[in-house]
Structure formats: structure tokens, C-alpha cells
Participant: 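Would you mind keeping the following structure in view while I ask a few things?
Treat the numbers as computed from the prediction; the structure is a model and nothing was measured. Each chain gets a letter, A, B and so on, in the order its sequence line appears, and its residues count up from 1.
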There are 2 protein chains.
Amino acid sequence: MATALDCFAIEGYRASSMRVIAANAGVALSHAYYYFESKEDIVAQLLLNLRNEQLRLCQDGLDEGNTLETNIRIVLEAGVQSLAPYHEFGPAFLKLLLSGEHANEEVTKIELMMWEQAVGGARPLPPLGIRRDLPRFLLLVARQVFTAWAFDQSPEQRRSHTLIKNLAPVVAKFAVLCRLPVVRSLFEDILSLIDPKTAGKMETDHSVSSALKRSKAS
Amino acid sequence: MATALDCFAIEGYRASSMRVIAANAGVALSHAYYYFESKEDIVAQLLLNLRNEQLRLCQDGLDEGNTLETNIRIVLEAGVQSLAPYHEFGPAFLKLLLSGEHANEEVTKIELMMWEQAVGGARPLPPLGIRRDLPRFLLLVARQVFTAWAFDQSPEQRRSHTLIKNLAPVVAKFAVLCRLPVVRSLFEDILSLIDPKTAGKMETDHSVSSALKRSKAS
DNA sequence: TTAGTTTTTTGAACGCGTTCAATAAATGCT
DNA sequence: AGCATTTATTGAACGCGTTCAAAAAACTAA
């Protein structure tokens, strides 16, 4: 594992074939598959390591009574900072996360933990009504930033940094606006979209007509 | 090309290796690379074909004075419907779109065209202030739905259909809420995030205060 | 017709991720 | 000790996407 990570860091993704990693570790190619199920497996472990580093990186900045906006920036910046040396892994990371396989539950757990700290440590505290769900929403936003970062071809991923800088105040502002009932219900609608709780019980196409009726009624 | 698409439709993605496609077309393997730069190239053309089919599919439903919500649903549903036979291509499609390579500009053009029709043909018309930018915003939303669809493992991608059904009213509602200045500025902030027009000249964090001031002033 | 040039088409090879039957080494049991 | 069984390690192979120099065919000009 250590050899694989070194290999990744030094030689890069494309150059770090299974053969190269195995050779650098002094074992046969096929022996690598005795320890790892696949190459994706190694990438998954790398991502987990990097998320732990992100957690460590941003732990200092949080819990100091910052603005929510500042905390959002701290977490996101720690993310791109820890991932920066492995930017070429971006698409592979993304595929891993989106496909929902491997041990990405652990990754999600770490990410959620960070966002809970970011929300809980923010002063002033976000509106009470959304305080509980805000971390999950921020996780969603962060995944979006991650997607943008993964394919960011600008030098040193400048565009991703700019995105973070501009996105943080928007999200923080949105959180504040959630005090207004209209915005608040929007927030809840968005969150309810991603959870599979109400999945798989409607059958007919009555939804079309009902949608028409509803929009006419309102 | 026709053989390749047939192959994709009949045998599926994984089974349709370059060798199989070439054999089915009655040519040598290397000859396929005389016509296509890579396998990704074929996938790109397939996606373009499917977007054209989506355009054709939803052309009937639009331009009939539907609600914006209905139009959103029509376009999104036409999307998943046309893509359904090629669901296993999802990750490949996604990588193609996100990496911004190949002829995906043409794909984006078609998508934008559909959203312009969806917005322009909606009755009542969306708020004047956002009418011009709404298509681009909807394109953004659609890409998000596409991402979810690509990795949707539920039978017949039910979850994606549910997502569309629930998402459409939320987005339509958001569009209506854009009459409120606070929500409207949120909308503009989000849109300004994705365009690289204001990229690489801001240094200070004045954007925070300006955003707050704007929401207070309005 | 013939020679030269461009366009099509091919076979063979490369490195990749992955699999598998086989051997070698370590371990447990009596 | 010796044998049996589990664990570690290997070499060889498979199919994949891709490349490339060279052969075949088609075309052009004298």
C-alpha cells in the first residue's frame, strides 16, 4: 500500500500501472491482486487517506467561532488543498464516489463530520430550523465543487479556488435566507430530493395531469 | 458508424469492444481507427444522436402553452427516455460531458435550444428578469439530473423518474420566487459561479459584503 | 501502359487491468 | 519427525484500447 501511494505521488496516475507498482514493491504483478481487489481499490484507499488529511487540515480553523461562510471556505479549501497533488486522479475519484461502491461510506462519514463541525461551530449559528439538515446540504454542495475541481484544467486549479471563494458567501446567504418561509421550504424540497425515502410506490401517469391541475390551481 | 451503434444497442457497452465492432463491420480492428479517433469518439457521436432524438421527442410536447413545470418535466423525461436503452453508457457519457472534450459543444447547443423552447413556450411566462438566463440555469439542473441518472441503479431508473417528478415543481417554484429580489440575487449569484467571465481578477473578499449589502438594500 | 502519389486496409505488436492454475512457504496436527 | 492444510507468491495467459509501419487498392499524369 505504501509503495502504491508513493508510486502515485511520484510517478502519477497514468504511469503508475499495476506492473510498475508491483515492481516497485518487489513482488509479482499478480501478487498485487492478493492484497487489492482492483486498481480502483487502491484509488479508494488513497481518497480515504486524503479525506482524513482534509479533516486534519481544517480541524484547526474550525471551532473558533467563525462565520458560517468562513467555515465553508475552510472546509472546501482544505479539500482542494489535500487533493491538489492528486488532481489527475479527479475523474477516478469522482467515478468512485458517484458509483457508490467500495468503502466510500467511510469517506462520506468523514465529510459529514466536517460539515457538522462547520455548522455547529459557526457564529452566529445558522437558523435553528435548518441547523440539523444543513450539513447534508453542504455535503451536496461540496460534491458539486468536487466535480468541478475534478475536471478543472486551469493552472493550479485556480478556477476551483475562485469558485469556492464566490460560492461560500452565496451558500451562507442562502442559509440565512432560510429564515424566510418561502426559501426555507425550497431548502427542504431540495434536500428531500436526494434521499430515497419516498422511492418506488407511484405507478400511474396521473402525475402529469395532477401537475397541470396543481399549477393551474395555484 | 451504423454497425457500431447497432453493436452498442444489441450487445451492450462492455461487450462492444473495438474488435467486435470491427468484426461486425467486416473490417480489420485497426481500420476502425481510420474512421474514429478513439472509442470515446464513437460514444460522443452516440450521445449526439441521442440528444437529437431527445429534441425530436420533446418537440411535440413543447410550444403548447404548458406550465414551466410541465415543460421542465417534458424535456427531462424525454432525456431519460431517449437515453434509457444506453443506461450502461452513463458513466462514459458523463465523463465525456464533464471533461469538455470532443464535439460536446454541439450537444450543449442542442440542450440549450430545448431549454430555450421550454422557457419561451411556458405560460405564464417566467419572471422577465430571469427569462434570459433561465435556460442556462435549467441546463445546469439538467446536468445534475443526468449525473444522478448515470449512476442510478434502481430498476428501470425509477429513482431518476421520481427525481424528475419531484424536482420539476421545485425548480418552477424557484423561478417564480425569483420575483423576490432576495431570491433573484441568489439566482444570479449561482449563475455567475459557472461562467468563467469574471475569472481571475478578484483578490479581496469584498464579494461577501457586497452580497449582503445587496440583499439588505433590496 | 506505366510510374508516382494518395487513399484504404491490414497484421503485428505494445502496455494495460485482470484472472487462474501452479508452485513455494508457512502453519497446525499427531 | 512427517504429513495435511492453509497462506503467500508466481508465471503465463486473456481481452482490452491503441499505435504503426507496411501492403493493397485507387487515383493521377505522362
Participant: Please give me every residue in residues 6-30 of chain A whose heavy atoms get under 4.0 Å of an atom in DNA chain D, ordered by residue number.
Facilitator: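 Residues of residues 6-30 of chain A that come under 4.0 Å of DNA chain D are, in numerical order, A:Arg19, A:Val27, A:Ala28, A:Ser30.
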Participant: Who pairs with A:His161 by ring-ring contact (aromatic ring centres under 6.0 Å, His included), at least two apart in sequence or on another chain?
Facilitator: none
Participant: Tell me, please, whether B:Phe146 has B:Arg51 positioned over its six-membered ring: NZ or CZ under 6.0 Å from the ring centre and within 45 degrees of its axis?
Facilitator: yes
Participant: Just to verify, what does A:Asp6 make a salt bridge (Lys or Arg N to Asp or Glu O under 4.0 Å) with, not counting sequence neighbours?
Facilitator: none
Participant: For B:Glu106, what residues pass the salt bridge (Lys or Arg N to Asp or Glu O under 4.0 Å) criterion, not counting sequence neighbours?
Facilitator: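 In terms of salt bridge (Lys or Arg N to Asp or Glu O under 4.0 Å), with neighbours along the sequence ignored, B:Glu106 is linked to no residue.
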Participant: Can you tell me the distance, in whole Å, between the OH atom of B:Tyr34 and the P atom of D:dA22?
Facilitator: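 Atom OH in B:Tyr34 sits about 18 Å away from atom P in D:dA22.
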Participant: 5' to 3' on DNA chain C, which nucleotides open and close the contacts with chain A (atom under 4.0 Å from a heavy atom)?
Facilitator: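 Under 4.0 Å from chain A, the extent on DNA chain C is C:dC16 to C:dC20.
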Participant: Just call it for B:Phe36: base, sugar-phosphate, or nothing, with non-hydrogen atoms closer than 4.0 Å on any strand.
Facilitator: nothing
Participant: Excluding sequence neighbours, so at least two apart, what forms ring-ring contact (aromatic ring centres under 6.0 Å, His included) with B:Tyr33?
Facilitator: none
Participant: Can you sort out the partners of B:Arg184 under side-chain hydrogen bond (donor to acceptor under 3.5 Å, both in side chains), two or more places apart, ordered by chain and number?
Facilitator: B:Glu188
Participant: Between the opening five pairs and the closing five pairs of the helix from C:dT1-D:dA30 to C:dA21-D:dT10, how far apart are the helix axes, to 10°?
Facilitator: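 What I find for the helix from C:dT1-D:dA30 to C:dA21-D:dT10 is an axis angle of 30°.
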Participant: Output all residues satisfying side-chain hydrogen bond (donor to acceptor under 3.5 Å, both in side chains) with B:Lys173, sequence neighbours left out; order by chain, then residue number.
Facilitator: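 Applying side-chain hydrogen bond (donor to acceptor under 3.5 Å, both in side chains) to B:Lys173 gives A:Ser185, A:Asp189.
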Participant: Which residues pass the ring-ring contact (aromatic ring centres under 6.0 Å, His included) test with A:Phe89, sequence neighbours left out?
Facilitator: A:Phe8, A:Tyr13, A:Tyr86, A:Phe93
Participant: Please identify each residue that fulfils salt bridge (Lys or Arg N to Asp or Glu O under 4.0 Å) with B:Arg56, with sequence neighbours left out.
Facilitator: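 With neighbours one apart ignored, the set is empty.
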Participant: Return the set of residues passing side-chain hydrogen bond (donor to acceptor under 3.5 Å, both in side chains) with B:Glu156 (not counting sequence neighbours), or none when no residue passes.
Facilitator: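 Partners of B:Glu156 under the side-chain hydrogen bond (donor to acceptor under 3.5 Å, both in side chains) test: none.
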